[in-house]
S.K.: 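A single structure is presented below for examination.
If you're wondering where the values come from, they're calculated on a predicted model, not measured in any experiment. Each chain gets a letter, A, B and so on, in the order the sequences are listed, and its residues count up from 1.
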Amino acid sequence: MSEALLRVENLTKSFPVKEPLFGRLRGSPKRVVRALTGVSLEVRRGETLGIVGESGCGKSTLARCLVRLHEAEGGTIEYDGADVRALRGGALRAYNRRVQMVFQDPYSSLNPRMTVSQTLAEALTVHRVCPPREVKAKIQELLELVGLPPSAAQRLPHEFSGGQRQRIGIARALSVEPECLVADELVSALDVSVQAQVVNLLLELQEKLHLTVLFVAHDLRLVHHISHRVAVMYLGNVVEVADTDTIFARPQHPYTQALLAAAPDLDPAKKSVVAAVRGELPSPLKVPSGCPFHTRCPHAFDRCTREKPGLLPHVPGHLTACHLYDAAERHRLAKGEALQT
Amino acid sequence: MATSSLSPKRDARRSLLRVSPKPTLLLGLLLLAVFLAAALFPAQLAPYEPAEFDYTAIMQPPSAAHPFGTDNFGRDVLSRVIWGTRIDLQIALFTTLFPFIFGTLVGALTGYYGRWLDAIFGRIVDVVVVFPFLVLVIAIVAVLGPGLLNMYIAVSSVGWIYYARLVRGEVMVQKKAEYAQAARVMGYSPARVIFRHLLPNAVTPAIVYLMTDMSLGILLGASLGYLGLGAQPPTAEWGVMIADGKNFMVTAPWVTTFPGLALTAAGLTFSLIGDGLADLLRPRA
Amino acid sequence: MSDPVLSVRNLSTTFATPRGALQAVDDVSFDVLPGEVLGIVGESGSGKSVTLRSIMGLLRPPTRLEGEVRWLGENLLRASRERMYKVAGGEISIIFQEPMTALNPVLTVGEQILESLYEHERMSKKQAKARAEELLALVGIPSPRERLGDYAHQFSGGMRQRAMIAIALASNPKLLLADEPTTALDVTIQDQILKLLLRLKDQLGMSVVIVTHDLGVVAQTCDQVAVMYAGRIVETAPVSQLLRSPRHAYTLGLLRSLPGGGVRRQPLLPILGAPPNLSDLPPGCAFAPRCPYVSDACRVRVPPLVEVAPEQRSACVHHDLLPRPGVAA
């Protein structure tokens with residue numbers, strides 16, 4: 001369980017902003033959205049790593065870089081010892097067979113003109129998963145695996161409900177027998193009562209097929225439930241990584257603390273009148289210098305504005321990118337204000 | 001689990017056409033059948049030879065013998081309208097087929113790959129759209145010389161741009177859809193992603209425009225015929241017929257009216273079909 | 001207890017669609033007391049948003065509205081158009097889920113506030129400007145004077161929602177309707193907006209109706225809750241009572257399906273099946289096909305909403321079979 005299957009080191013990615021002609025003529029400098037600013041991460045074989053963060057934190061970009069939908073600009077992605085960013089042609093296809101993705105939107109993630117069996121048969125034949133005469137049986141096997149009736153094969157996507165479409169999307173990803181599944185907001189477009197069905201399916205499949213899962217989501221309750229470990233992202237950075245229980249019980253990074261406090265609790269007794277964190281997310285066009293969270297952080301001091309903290313194990317097995325946990329700062333601060341963790 | 005809302009087994013092909021065709025589409029298809037019949041069997045349907053002169057019956061108003069009247073050479077207008085159908089449908093097909101196929105291809109490639117390919121395409125478009133379509137076509141025909149074949153070449157060399165623009169835009173939208181991304185993550189080749197996944201979902205507007213374009217093609221063929229740059233007299237072609245009859249518009253209006261009506265009806269036919277197809281081809285959400 | 005400000009009685013809303021009439025809201029009744037926050041929870045298609053729009057008079061024929069919407073005793077469904085203009089957007093204001101589409105992109109935020117101010121109160125230009133600035137400050141927008149001249153696209157998502165609230169408050173409403181006000185926002189911004197709404201409610205003495213699909217939002221903001229399913233209210237209760245001891249099988253199922261209650265990585269307890277299709281509802285209780293407690297009695301007739309405990313009403317045939325302290329996580 002502790003072996004790293006996927007290792008991401010210092011990954012960067014930015015997107016150019018389409019400037020209006022007028023702006024270009026005025027000679028405004030070219031602006032870029034900095035989606036990932038040096039992300040480092042490790043996914044262990046067989047685990048579910050939850051990746052949480054708010055919009056613009058780069059979690060979807062990261063997911064897309066991992067399956068090579070986006071090309072990262074700097075840094076490395078290493079999968080089972082191979083350099084993923086260097087893969088081309090057949091090697092890339094082979095990698096895509098091992099690492100698959102399930103998408104968010106049940107209404108656009110399936111080709112509206114292809115029946116379920118056409119969609120699955122295409123994947124099975126292109127990758128020669130099984131001999132042609134076994135394709136039909138394999139499709140039935142996949143449908144059963146994701147809890148759809150055999151009759152689903154001949155239908156078009158529009159004949160299914162949102163939850164059923166997500167099952168089809170999962171079946172498509174599983175058709176090539178991957179080891180690793182990247183799930184980008186798998187259930188966030190579904191009604192609450194249906195979400196649990198799909199979550200259960202994912203848990204069950206992971207058990208049965210020994211999948212490694214990257215569960216990208218914004219719903220903390222969900223991530224808490226299904227992840228072994230959690231990485232918290234903010235403005236293109238991973239700010240904290242730890243075991244799920246640790247991170248939810250003893251969050252270290254001030255942003256993680258704020259995120260957990262802001263999530264509405266189901267217990268009305270925990271009602272508070274004070275907002276968990278002040279300020280808005282800075283624009284990814286203008287990522288703050290130093291620590292990206294310093295503009296909203298209640299503990300920020302001048303070092304935070306100058307120097308970007310590294311993602312370090314201040315406590316064994318618990319990585320945090322925050323100067324507050326730096327030994328020297330702890331010492332300095334202990335003399336002054338009390339540190340709230 | 002979660003299957004209770006599934007409807008009973010239904011053939012996928014049928015559900016593609018689950019919207020029942022509109023009556024206007026059926027009318028369009030009916031009209032098309034009439035025109036096709038005229039184009040395929042003019043000899044059987046036309047009461048006279050199209051080029052048969054009859055100096056005893058010059059510029060006769062419509063009568064039992066000549067339901068659409070006769071022209072200044074005594075030729076039967078009905079027969080000429082029927083024979084003209086063949087030429088004009090041919091014009092509709094040949095002015096649009098190449099632009100549709102080539103334009104769709106170019107649009108799909110530029111839309112999918114973008115970057116420099118798209119930049120080159122963009123410059124070509126910029127140059128071409130500066131000139132009004134008809135002016136450009138007339139200029140090209142003037143260089144190549146009048147005649148149907150040269151007209152097809154002229155129209156085709158400009159007309160594909162419009163299809164390419166339509167398809168390019170649609171492909172750019174569709175390639176961002178998650179099903180297209182899923183196809184890429186599946187490791188499918190660009191050719192498969194483009195032709196199997198993107199094009200079927202992006203080509204609908206081009207098909208609908210094809211119908212409009214066919215009626216425009218007929219009008220264009222007639223205009224060029226009228227200007228003497230398309231079909232040449234004494235070929236029975238609606239535009240040529242109108243041009244021939246224009247001098248007698250007041251004394252013998254039937255000579256121009258009936259080919260004009262045929263032209264209008266053909267235009268209407270393709271518009272009705274295009275409109276109906278747009279409804280049928282739209283995928284169900 | 002004081003009289004309700006808003007009292008909805010037997011409200012039914014029927015849309016005319018190409019495939020026939022579609023009843024989106026079916027016989028809905030509820031009260032909103034002064035200073036109270038009522039939450040209307042439900043999944044997509046439950047009729048929660050349509051209920052709000054019906055109250056605001058935002059639905060025009062051929063949509064058919066039946067029943068009563070009593071605002072301070074006056075039935076709004078019978079009110080003249082002129083009167084409705086005064087009430088909706090005046091005494092009752094509404095904010096929407098997508099501030100970007102609800103705000104006018106070609107008018108500055110200031111102009112939109114002024115517009116509302118002139119509409120509802122006589123005041124000089126100078127007074128109005130000062131008031132607009134005050135409103136922006138009230139909803140927590142920094143440097144309000146400068147931001148009055150900004151357009152919606154110059155605001156971030158959270159600030160846009162604040163601006164929309166400021167516009168809604170310009171008419172001094174006594175009731176604020178909020179249709180999924182934080183669904184499009186990130187969780188830290190959602191938290192800020194919800195806290196803002198609660199503060200404004202106390203400060204301005206308003207009542208608030210929040211429509212949401214998120215039970216967490218309900219728990220953190222509402223006093224009373226109405227749960228909707230397939231166009232009908234299936235349960236109402238004070239919020240803590242509803243979460244602690246739900247008396248409708250749907251509410252119970254919804255709470256149980258949420259992660260957080262049980263052991264991590266163990267299967268959740270989902271509600272089976274999919275939300276119903278409004279044009280093809282089963283006879284009797286609409287939840288019956290998905291309900292683990294279903295019996296023949298559920299399919300006979302639509303169960304009425306009846307008092308099953310003090311302050312708690314449920315439309316569940318088997319409300320007394322449900323496990324009794326329920327699962328509030």
S.K.: So with a 6.0 Å cut-off around CD of A/Glu144, is the heavy-atom count from everything else above 12?
M.R.: no
S.K.: What verdict does the side-chain contact (heavy atoms from CB on, under 4.5 Å) test give for B/His197 and A/Glu122, after you've listed the backbone C-alpha separation in whole Å, the side-chain angles of each residue and the deciding distance to 0.1 Å?
M.R.: CA-CA 11 Å; B/His197 291 272; A/Glu122 183 180 34; 2.8 Å; yes
S.K.: Distance-only, no hydrogens or angles: does the A/Gln100 side chain make a donor-acceptor pair with backbone N or O of B/Val185 under 3.5 Å?
M.R.: yes
S.K.: Does atom CZ of B/Phe41 have more than 12 heavy-atom neighbours, drawn from other residues, nucleotides or ligands, at distances under 6.0 Å?
M.R.: no
S.K.: Okay, side chain of B/Glu178, backbone of A/Leu110: is any donor-acceptor separation there less than 3.5 Å?
M.R.: no
S.K.: Do you know which of A/Asn111, A/Val194, A/Val67 has the most heavy-atom pairs with chain B at a distance under 4.5 angstrom?
M.R.: A/Asn111
S.K.: Please check this pair: side chain of B/Tyr188 against backbone of A/Ala123, looking for a donor-acceptor N/O pair closer than 3.5 Å.
M.R.: yes
S.K.: Run the numbers on A/Leu69 and B/Arg184 for side-chain contact (heavy atoms from CB on, under 4.5 Å), then give the verdict.
M.R.: CA-CA 7 Å; A/Leu69 265 177; B/Arg184 285 172 57 201; 3.7 Å; yes
S.K.: Please report the interatomic distance OG1(B/Thr204) to CZ(A/Arg113), rounded to the nearest 0.5 Å.
M.R.: 4.5 Å
S.K.: Heavy-atom distance under 4.5 Å to chain B: side chain of A/Ala173, backbone, both or neither?
M.R.: backbone
S.K.: List the residues meeting side-chain hydrogen bond (donor to acceptor under 3.5 Å, both in side chains) with B/Tyr163, not counting sequence neighbours, and say none if there are none.
M.R.: B/Asp213
S.K.: Can you list the steps and then say if B/Tyr179 with A/Met114 is a side-chain contact (heavy atoms from CB on, under 4.5 Å)?
M.R.: CA-CA 11 Å; B/Tyr179 75 84; A/Met114 287 169 78; over 6 Å; no
S.K.: Report, one line per pair, each donor and acceptor closer than 3.5 Å where one atom sits in a side chain of residues 174-186 of chain A; sequence neighbours left out.
M.R.:
{"unit_1": "A/Ser175", "atom_1": "OG", "unit_2": "A/Arg172", "atom_2": "O", "d": "2.6"}
{"unit_1": "A/Glu177", "atom_1": "OE2", "unit_2": "A/Lys138", "atom_2": "NZ", "d": "3.1"}
{"unit_1": "A/Glu179", "atom_1": "OE1", "unit_2": "A/Tyr79", "atom_2": "OH", "d": "2.4"}
{"unit_1": "A/Glu179", "atom_1": "OE1", "unit_2": "A/Arg98", "atom_2": "NE", "d": "3.1"}
{"unit_1": "A/Glu179", "atom_1": "OE1", "unit_2": "A/Arg98", "atom_2": "NH2", "d": "3.4"}
{"unit_1": "A/Glu179", "atom_1": "OE2", "unit_2": "A/Arg98", "atom_2": "NE", "d": "3.4"}
{"unit_1": "A/Glu179", "atom_1": "OE2", "unit_2": "A/Arg98", "atom_2": "NH2", "d": "3.2"}
{"unit_1": "A/Asp184", "atom_1": "OD1", "unit_2": "A/Ser60", "atom_2": "OG", "d": "3.2"}
{"unit_1": "A/Asp184", "atom_1": "OD2", "unit_2": "A/Ser60", "atom_2": "OG", "d": "3.1"}
{"unit_1": "A/Asp184", "atom_1": "OD2", "unit_2": "A/Arg64", "atom_2": "NH1", "d": "2.8"}
{"unit_1": "A/Glu185", "atom_1": "OE1", "unit_2": "A/Ser188", "atom_2": "OG", "d": "3.2"}
{"unit_1": "A/Glu185", "atom_1": "OE1", "unit_2": "A/His218", "atom_2": "ND1", "d": "3.0"}
{"unit_1": "A/Glu185", "atom_1": "OE2", "unit_2": "A/His218", "atom_2": "N", "d": "3.4"}
{"unit_1": "A/Glu185", "atom_1": "OE2", "unit_2": "A/His218", "atom_2": "ND1", "d": "3.2"}

S.K.: Check this for me: B/Phe131, atom CZ, are more than 12 non-hydrogen atoms of other residues, nucleotides or ligands nearer than 6.0 Å?
M.R.: no
S.K.: Which pair of non-hydrogen atoms, one from B/Asn201 and one from A/Pro112, has the smallest distance, and what is that distance?
M.R.: OD1-CG, 3.2 Å
S.K.: At a heavy-atom separation under 4.5 Å, does B/Arg196 approach chain A through its side chain, its backbone, both, or neither?
M.R.: both
S.K.: More than 12 foreign heavy atoms under 6.0 Å from CD of A/Glu71: is that the case here?
M.R.: yes
